[in-house]
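Below: one structure, written as structure tokens.
It should be emphasised that the depicted structure is a prediction, and the values quoted were computed from it without experimental measurement. The basis for the numbers below is simple: all heavy atoms, side chains too, and nothing from hydrogens, waters or symmetry mates.
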Amino acid sequence: MNVVNLKIRLVLKMYIIYKFDKELRGILFEIISDVEVYLKTQISYSFSLKYGGMGYRNLDNYSNYGDSLRILKKMNDIAEKTIKI
């Protein structure tokens, strides 16, 4: 085999590996996204069972007051913007 054929075969192998990697990333991203949604749902459900449906608005239900206040403010801002739309 000459050098040109070897280079072509190498490029083709690299392309096949690239395509495989791209497809694998897509599959893993879907799975990870599903797991993320499931975990968030379970955390929200457990929190709601313990503190009630509006318990997320009570700062006493959180261990870190500063972060909780910032997050609640951001959630309220988003809710207000959504209502205006």
OH of Y62 to CG of L69, rounded to nearest 0.5 Å, is 11.0 Å

Value for CZ (F47) from CD1 (I43), rounded to nearest 0.5 Å, stands at 11.0 Å

Please determine if D21 and R25 form a salt bridge, counting it only when a charged side-chain N lies under 4.0 Å from a carboxylate O. yes

| query | Do I71 and K74 have side-chain heavy atoms sitting under 4.5 Å apart? | reply | no

- L28 and F20: same hydrophobic cluster, using ILVMFWY side-chain contacts below 4.5 Å? yes

Donor-acceptor contact present, side-chain N61 to main-chain G55, <3.5 Å: yes

Distance col, row S68:OG vs M75:CE, nearest 0.5 angstrom, shows 10.0 Å

Q42, CD: over 12 other non-hydrogen atoms inside 6.0 angstrom: yes

Taken to the nearest 0.5 Å, the spacing of N2 CG from I8 CD1 works out to 8.0 Å

Report task. Indicate yes or no: does K40 engage E36 in a salt bridge with an N to O separation below 4.0 Å. Result -> yes

Output for pair (L39 CG, I32 CD1), nearest 0.5 Å, gives 11.5 Å

Practice problem: State, with a plain yes or no, whether a side-chain heavy atom of T82 is found less than 4.5 Å away from one of I78. | Solution: yes

Any link between M54 and Y45 through a network of hydrophobic side chains (Ile, Leu, Val, Met, Phe, Trp, Tyr) touching at under 4.5 Å?
no

CG of L72 to CG of N58, rounded to nearest 0.5 Å, is 9.0 Å

For the side chain of Y51 and the backbone of R57, is there at least one donor-acceptor N/O pair under 3.5 Å apart?
no

Taking it one step at a time, do L6 and L10 satisfy side-chain contact (heavy atoms from CB on, under 4.5 Å)?
CA-CA 6 Å; L6 287 175; L10 179 62; over 6 Å; no

